[in-house]
Amino acid sequence: MNNLLQNLNERQQEAVCHTEGPLLIFAGAGSGKTRVIVHRIAYLIKEKKIPPYKILAVTFTNKAALEMKNRVIDFIGPAGYSVFVKTFHAMAVFILRRHGEAIGISNNFTIYDQNDQQTLLKQILIDLRLDPKKIKPASLANKISELKDQRLYLETKNLDLLLADYSFNFAPIFKEYQKRLKEQEALDFNDLLLKTVELLKAKEEILKDLQNRWKYLMIDEYQDTNYAQYLIAKYLSKESQNICVVGDDDQSIYSWRGADIRNILDFEQDYQQVKVITLNENYRSTEPILQAASAIIKNNKDRKEKNLLSCQGDGEKIKWCQTNNEYGEAEFVISSILSKKNREGLKNKDFAIFYRTNAQSRLFEDFLRRENIPYRVVGGLKFYARKEIKDILAYLRFISNQNDKISMLRVINNPPRGIGRVSVEKIRALAQKEGVSEWKIINDGYLIGKISKGIELFKNIINVALDLNEEVPEKIKLSKLALKVFEISGYKKNLEEEKTLESHSRLDNIYALINSIEDYELTNPEANLEQFLQDISLFTSEEDPNENFDLKDKDDVVTLMTLHNSKGLEFPIVFLTGLEENTFPHKFSLDTEEELEEERRLCYVGITRAKEEVFLTNSEVKRTFGGEVEYQSPSRFLFEVPKDLIELKSFRSSDFRFNESGQSFQQREFKPKVVSRSNNSKFSLKDRVIHPKYGVGQIFKIEGTDDNVKISISFGRARKTFLEKYTHLEKIY
DNA sequence: ACGGGCGTCTTTTTT
DNA sequence: AGACGCCCGT
């Protein structure tokens, strides 16, 4: 009991102990909200003797869910494993997989991510004889998602009326999209939530069942819930009324995804006898950081006034550095990291670099690699987004669900087996005519005349895999299946024969995938193929299983991420970069006051991640597309920080400068820090070398002979393979 | 069928 | 500048 409430302030204790009835916690940045949730779960289990499986905690990101679960387990031991901690989407998958059939959803539905969505839309456009160049699948996908996120979409009795607001092509496309999702037994991300609402609404017994299962409901980041999520929470807690929501209106940054800030502001009206607790003591950041953040957020009109109290006392001023260009910015950030590491004994993991858009990460990565500082990009280039990984997963998805046309089209001629556009078109046409799936056309003898070898081959491959999947529920079944598919599909042979620089890393990546499936099987011994695929399709920000393979301490890395991804995290030193008008605030958010205020909240979120020190950077000039340069004024947010909290710095890029015309950047020759060098020396394993483009790296593989020697080098997280004869490498001693 | 070369367009944030 | 898609030559 004592230890359950230890290290908590009075209000935090109150929040932990108030277990019955609706509870609303306004938790300012750094006010120990995760700690409160963790303690509250522990309190329910230990003190109130609630079985752990009756507790449901919902967060927004996989990362947050994982973190919370681990903290619960650390705090109360193995009982924590049974607490149901998931993202909204993962919870929806859980519910739909068990009960979806009640509303006509196959229990091994496929989840289509943004990519699959766009592929599907492209097909629809072609079939409807619309030009995918004019109507872009990507923007269509966005529109569809936007539509489905709306409250109106769930409530409307007349979809046509709603669709009429869009351009005249949208309605038929949207309807066709929905139709094909159904045919292919697929759900997109929005559907996961929408179908769950539909289920809970329509099937009372199932709702009762779930209400019984989860007696205590906790929702983190409640300010970011959209209407569907709001309804799910409402349904699930309706009986028990034991719902605890935690949030901060100042940290609402997902309105573009349908998040409705009113959900938290109206909570007191939505539930009866709500207990409200405000946590306003900040344990994370120093005084100057908090003052700067508060000063910025005060410019928002649409917010509840509040003041956060600092508990950490005085600290370093905010550093603002204006650099000449983007290279200078990256160089400033990386050299600051280096000097702080040297002088203050900080570790890599103490630093985080934030930016507004994903594309901004590249230069920072270049400079980090060059200095041989290990780093991790959160959410950026995703392992699961790689071609070879998607290919293998597409095989598995098709094996799991033969109606999944997107996956079939992806693999039917991959690796090439002589099934060209014409054959595929023939199959598609026949499927449409006969009203059956493409797989049925191939497998059940619909094709008359002589059947091409390739189709016969594909049919055999899939049938072998299908049999294999039916077989023995061995422990290693999934990874074995993946490996088999990799082999019998010819994918492996194809890559092995290719013997190019690229095919090597592809092979490595696929083996890394198989490894990670093995890991998955260890933690989920009961999981079958369907479950695995559904789990994995939600794991978008999964870190690269391939990364950091040569690091002693794989967690000691500098973290790079978008501001959106930074929510809920904290770091001693934070770099907030690209603070220029049109970048941050982003140019698409300058139209309305609402959008601008959301950008400002994003800025607030970023700054409040820092415990000790904040660096704000902007560059005077930006390179846009076409190599043109453009002057950018400093972000308005910079001027919202009181002057006395700021220490000004300036930094000019030393490696890059303008050429005479001032039109583009010119790279100065890169001078590696070579202690001594030897040009004719042979390289050996474990040698550290400098690559003219990638900088310092370490050799981990050498193969081939004579003028066909291939050298594989790791540069921090990235691995690359080069042909020796074409690559100028310098050895470092 | 397939890869290289060339022309196009690019830029928001994510489960 | 770089990614991507399309067309053409093989």
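Labels below follow one simple rule: chain letters A, B, ... track the order of the sequence lines, proteins then strands, and each chain is numbered from 1. Basis for what follows: all heavy atoms, side chains included, without hydrogens, waters or symmetry-related copies. Every value quoted in this text rests on a predicted model; they were computed, and no experiment measured them.
Here A:Asn358 reaches the OP1 or OP2 of B:dT14: one of its side-chain N or O atoms lies under 4.0 Å away. Applying the 4.0 Å criterion to OP1 and OP2 of B:dT14, one finds that A:Thr562 has a side-chain N or O inside that range.
Checking B:dT14, B:dT15, B:dT13 against the side-chain heavy atoms of A:His89 singles out B:dT15 as nearest. Across B:dT14, B:dT15, C:dG2, the shortest atom-to-atom separation from the side chain of A:Thr87 is found for B:dT15. Of the candidate nucleotides B:dT10, B:dT11, B:dT15, B:dT11 has the atom lying nearest to any side-chain atom of A:Lys587.
Residue A:Glu598 is out of contact with every strand shown, counting any heavy-atom pair closer than 4.0 Å. At a threshold of 4.0 angstrom between heavy atoms, the contacts of A:Phe88 with the nucleic acid are absent. The residue A:Asn190 sits apart from the nucleic acid: no heavy atom pair falls under 4.0 Å.
Here the P atom of nucleotide B:dT12 and the CD atom of A:Glu594 are 20 Å apart, to the nearest Å. Computed from coordinates, the A:Arg257 CZ to B:dT13 C1' distance equals 9 Å when rounded to whole Å. Taking atom CG on A:Asp191 and atom C1' on B:dT15, their separation rounds to 13 Å, with Å as the unit. Residue A:Arg601 contributes atom CZ, which lies 19 Å from atom P of B:dT12 at whole-angstrom precision. Atom pair A:Asn494:CG and B:dG3:C1' shows a separation of 13 Å (rounding to whole Å applied). Between A:Asn565 atom CG and B:dT12 atom P there is a gap of 17 Å when expressed in whole angstrom units. Rounded to an integer number of Å, the gap from CG of A:Asn226 to P of B:dT13 is 20 Å. Atom-to-atom, NZ of A:Lys143 to P of B:dT14 comes out at 21 Å; the value is rounded to the nearest Å.
Residue-nucleotide stacking is not present for A:Tyr254 and B:dT14, judged by a side-chain ring centre under 5.5 Å from the six-membered base ring centre and planes under 30° apart. The aromatic ring of A:His564 does not sit over the base of B:dT13; the criterion of centres under 5.5 Å apart with planes under 30° is not met.
Between A:Glu599 and A:Arg356 there is a salt bridge, since at least one side-chain N of the basic residue sits less than 4.0 Å from a carboxylate O of the acidic one.
Of the two residues contacting DNA chain B, namely A:Lys136 and A:Pro415, the nearest-nucleotide position lying further toward the 5' end is that of A:Pro415.
A donor atom on one side chain and an acceptor atom on the other are not found under 3.5 Å apart for A:Tyr395 and A:Asn414.
Between A:Phe84 and A:Phe94, the distance from one ring center to the other falls under 6.0 angstrom.
For the side chain to side chain donor-acceptor pair (under 3.5 Å) with A:Lys622, the qualifying choice from A:Glu329, A:Glu580, A:Glu630 is A:Glu580, the only one to do so.
Between A:Tyr327 and A:Phe367, the two ring planes are tilted [angle within 30° to 60°].
Here, B:dT13 and C:dC4 have their C1' atoms 22 Å apart, quoted to the whole Å. Taking the C1' atom of each, C:dG2 and B:dT11 are spaced 13 Å apart, rounded to whole Å.
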Report the C-alpha distance between A:Glu598 and A:Arg601 in whole Å, list the side-chain angles of each, state the deciding distance to 0.1 Å, and finish with yes or no for salt bridge (charged side-chain N to carboxylate O under 4.0 Å, His left out).
CA-CA 5 Å; A:Glu598 180 146 316; A:Arg601 289 193 291 272; 3.2 Å; yes
